[in-house]
*Asks:* 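Below you will find the structure I want to go over with you.
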Amino acid sequence: MKIAFVSSEAVPFIKTGGLADVSGALPKALANLGCEVKVYIPKYSDIDDTQFDLQYRRDIGEISIKVAGNTRIVKLYQSKLPESNVIIVFIDCPYYFHRETVYTIDEDEDERFILFSKGVIEAIRIEKWAPDIIHCNDWQTGLIPLYIKDNYKNDPLFSKTKTLFSIHNIGYQGRFSKSSMLKADLNERYYFREGPVEIENTFSFLKTGLWFADIITTVSETYSKEILTPEYGFGLENVLLLRRNSLYGILNGVDYADWDPARDFYLPFHYSSDELSGKLKNKKYLLDHFNLIFDDNIPLIGIISRLTDQKGFDIFKETLPELIKLNAQWIIVGNGEEKYEDLFRSLTNNFPSKVASYIGFNIELSHLVEAGSDMFLMPSLYEPCGLTQIYSLKYGTVPVVRKTGGLADTVQDWDEQKHQGSDSGNGFSFYDYSGLALFLSIKRGIDTFPFKQTWNKIQQNGMNKDFSWDKSAGKYVRLYEKLISSVS
Ligand code: ADP
Ligand code: GLC
């Protein structure tokens, strides 16, 4: 089975969030199950050619691609996902992808991903590599299913190709003006009120993907149900209700080659569920790094996040005066919206003995904070899957989360009333989206922390749960098979 896996980011090459983790890991798991997978991403200027041994496909040379009436030159580069035979193809077009950030608010953001989508299809054609499935991810790849169904419908190479579209976040819809359809060489007949590509007077790449893909998946079961409601569907719930028989929720997995405290490349001290002493050493190391004092009796609460409304920082802010009085220390690694970056900067300035922060994107620190913290906070307004809480579970770092999406599917609330031995709880969770509910959950965690035996039980419950990709990758393979055997 041949799978073209198309994404706007993938580890270890380029990462802004969990999509990169998934795109670097799932294709390897699919290959282990016997699929022939090729991954396609744009060649951003931040990708280090030498470090990752990118090879220019001289044999292919230059490909001309038309976007917005201009012809752009695309070249292909190739490498492999680490420790695998999975080929990754980089779509190179410096005009569009040599920018300061991966995603931009530039006027031609639509053109960047039109070029990418067309580039992927042309790369497949030029190699005459007929994929059984094109697996698209998020709005940046949303036009591909329509291209395959319309612009390329007479190309025999794609006569058997099916498309699968994975929603990693329905809040990002790639909305542009109607004129983008022309730029993309798409037939404007698709654009009409509430039709296949239109939402609130815009042309949405995401909606296009949802409408035209043969199958839609999202990254947890709970989220697959939530997005059918106005509260979580961001205006796309009606399309999803129409397509509900083709919508599946498959929980993301973890690549334990990168995220296992027993072998994590970035950790000064390794540890496992049988031998946790290394965790305490990492805590000391981390606190020291941030100039905070180490005290075994004070829990350290970690946050690693994009700083956006999605992640629940407004309710965090609401209850801040109470949170800061608690006997705990805080370390935040994050970047994003200015209002939250400023919030964490000022917290650090005002409470230097309790709070430390790194405002920016730092992969090494993200691993250290997972390992060195006692608790991990993720109070998301919505969370399609969430990977950081799953990493926390493996690192014995007890998650405190809002019960939504993938957080609800991975974190089981610890029940203080139940007999300890029989409780499978691995964290603390709350449902109400309010500062008070967040505060009470954190407080439950802090109050439980001194009871070392109980705490250890909660940690063990998390550390011993297996979230590796094998199971979820198997579910994708079964969906691919189902698609391939379906008529039309
Ligand atoms: P999302 O994709 O919504 O941002 P996830 O929990 O699925 O949320 O994935 C986030 C990924 O990005 C994790 O691997 C996390 O460690 C990483 N990450 C988030 N913020 C930072 C940061 N500031 N520095 C380094 N890594 C980060
Ligand atoms: C998105 C979601 C996150 C999910 C990630 C990978 O960025 O916000 O919940 O874990 O994609 O699927």
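Values reported hereafter were calculated over all heavy atoms of this structure, with side chains retained and with hydrogens, waters and symmetry mates removed. Ligands are counted one by one from 1 in listed order, and the atoms in each one are counted from 1 as well. By convention here, the first residue in the shown sequence is residue 1.
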*Asks:* Is the closest basic N to carboxylate O distance between Asp342 and Arg345 below 4.0 Å?
*Replies:*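 The answer is yes: the pair qualifies as a salt bridge.
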*Asks:* Suppose we screen for salt bridge (charged side-chain N to carboxylate O under 4.0 Å, His left out). Which residues come up paired with Asp255, at least two apart in sequence or across chains?
*Replies:*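 Counting only residues at least two positions away or on another chain, Asp255 forms a salt bridge (charged side-chain N to carboxylate O under 4.0 Å, His left out) with Lys28.
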*Asks:* Quick one: list whatever passes side-chain hydrogen bond (donor to acceptor under 3.5 Å, both in side chains) with Gln310, sequence neighbours left out.
*Replies:*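 Scan of Gln310 (side-chain hydrogen bond (donor to acceptor under 3.5 Å, both in side chains), adjacent residues dropped) gives Asn169, Arg306, Glu383.
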*Asks:* Any Lys/Arg nitrogen of Arg99 or Asp108 sitting under 4.0 Å from an Asp/Glu carboxylate oxygen of the other?
*Replies:*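 Yes, charged N to carboxylate O under 4.0 Å.
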*Asks:* Evaluating non-hydrogen atoms only, which member of Gly386, Gly171, Gly18, Ser220 is closest to atom 10 (O) of ligand 2?
*Replies:*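 Heavy atom nearest to atom 10 (O) of ligand 2 belongs to Gly386.
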*Asks:* Distance alone, cut at 3.5 Å: any donor-acceptor contact between the side chains of Asp106 and Tyr96?
*Replies:*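 No.
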*Asks:* What short N/O contacts, under 3.5 Å, does ligand 1 make with the protein, listed by atom pair and distance?
*Replies:*
residue, atom, partner, partner atom, Å
ligand 1, 2 (O), Gly18, N, 2.7
ligand 1, 3 (O), Arg306, NH2, 2.7
ligand 1, 3 (O), Lys311, NZ, 2.8
ligand 1, 4 (O), Arg306, NE, 2.7
ligand 1, 6 (O), Leu387, N, 2.8
ligand 1, 6 (O), Thr388, N, 3.2
ligand 1, 6 (O), Thr388, OG1, 3.4
ligand 1, 7 (O), Leu387, N, 3.2
ligand 1, 8 (O), Lys311, NZ, 3.2
ligand 1, 9 (O), Gly18, N, 3.2
ligand 1, 14 (O), Lys15, NZ, 2.7
ligand 1, 14 (O), Asp21, OD2, 2.7
ligand 1, 23 (N), Gly360, O, 2.8
ligand 1, 24 (N), Asn362, N, 2.9

*Asks:* Any luck finding a side-chain donor-acceptor pair between Thr104 and Glu109 under 3.5 Å?
*Replies:*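 Looking only at side-chain atoms, Glu109 and Thr104 do form a donor-acceptor pair, the distance falling under 3.5 Å.
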*Asks:* Counting only nitrogen or oxygen atoms and a 3.5 angstrom limit, does Asn252 reach ligand 2?
*Replies:*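 There is such a contact, yes.
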*Asks:* Give yes if a backbone or side-chain nitrogen or oxygen of Val219 is under 3.5 Å from a nitrogen or oxygen of ligand 2, and no if not.
*Replies:*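 Such a contact does not occur with ligand 2.
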*Asks:* Is it the case that the ring center of Tyr382 lies less than 6.0 angstrom away from the ring center of Tyr232?
*Replies:*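 So the answer is no for these two rings.
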*Asks:* Determine, considering heavy atoms only, which of Arg306, Glu9, His168 sits nearest to atom 12 (O) of ligand 2.
*Replies:*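 Selected option, by shortest heavy-atom distance: His168.
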*Asks:* Please determine if Cys385 has a nitrogen or oxygen closer than 3.5 Å to a nitrogen or oxygen of ligand 2.
*Replies:*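 N/O-N/O distance below 3.5 Å exists for this pair.
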*Asks:* Kindly identify the option in Met378, Gln310, Gln389 whose heavy atom sits closest to atom 8 (O) of ligand 2.
*Replies:*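 Shortest heavy-atom distance from atom 8 (O) of ligand 2: Gln310.
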*Asks:* List, one per line, each side-chain donor-acceptor pair under 3.5 Å for residues 1-12, sequence neighbours excluded.
*Replies:*
residue, atom, partner, partner atom, Å
Ser7, OG, Glu9, N, 3.3
Ser7, OG, Glu9, O, 2.9
Ser7, OG, Ser23, OG, 2.8
Ser8, OG, Tyr103, OH, 2.7
Glu9, OE1, Thr16, N, 2.6
Glu9, OE1, Thr16, OG1, 3.3
Glu9, OE1, Gly17, N, 3.1
Glu9, OE2, Thr16, OG1, 2.6
Glu9, OE2, Tyr103, OH, 2.6

*Asks:* Pick from Phe176, Phe205, Trp139: which one makes a ring pair (Phe, Tyr, Trp, His ring centres under 6.0 Å) with Phe113?
*Replies:*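 Going through Phe176, Phe205, Trp139 one by one, the ring pair (Phe, Tyr, Trp, His ring centres under 6.0 Å) with Phe113 is satisfied by Trp139 alone.
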*Asks:* Of the protein's non-hydrogen atoms, which lies at the shortest distance from atom 9 (O) of ligand 2, and what is that distance?
*Replies:*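 Heavy-atom neighbour on the protein nearest atom 9 (O) of ligand 2: Glu383 OE2, 2.5 Å.
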*Asks:* With Tyr395 as reference, evaluate Asn282, Ile390, Val369, Leu267 under the side chain to side chain contact (heavy atoms under 4.5 Å, CB included) test and give the passing residue.
*Replies:*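 Passing option: Leu267.
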*Asks:* As an exercise, identify every atom of ligand 2 less than 4.0 angstrom from a heavy atom of Asn169.
*Replies:*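 Those atoms are 8 (O).
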*Asks:* When you look for heavy atoms under 4.0 Å from ligand 2, do you find them on the side chain of Leu19, its backbone, both, or neither?
*Replies:*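 Just the backbone.
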*Asks:* Taking only heavy atoms of Val22, which atoms of ligand 2 are found under 4.0 Å from at least one of them?
*Replies:*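 In order of number, 6 (C), 12 (O).
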*Asks:* Of Asn137, Leu206, Ile144, which meets side chain to side chain contact (heavy atoms under 4.5 Å, CB included) against Phe165?
*Replies:*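 Among Asn137, Leu206, Ile144, the one that satisfies the side chain to side chain contact (heavy atoms under 4.5 Å, CB included) with Phe165 is Leu206.
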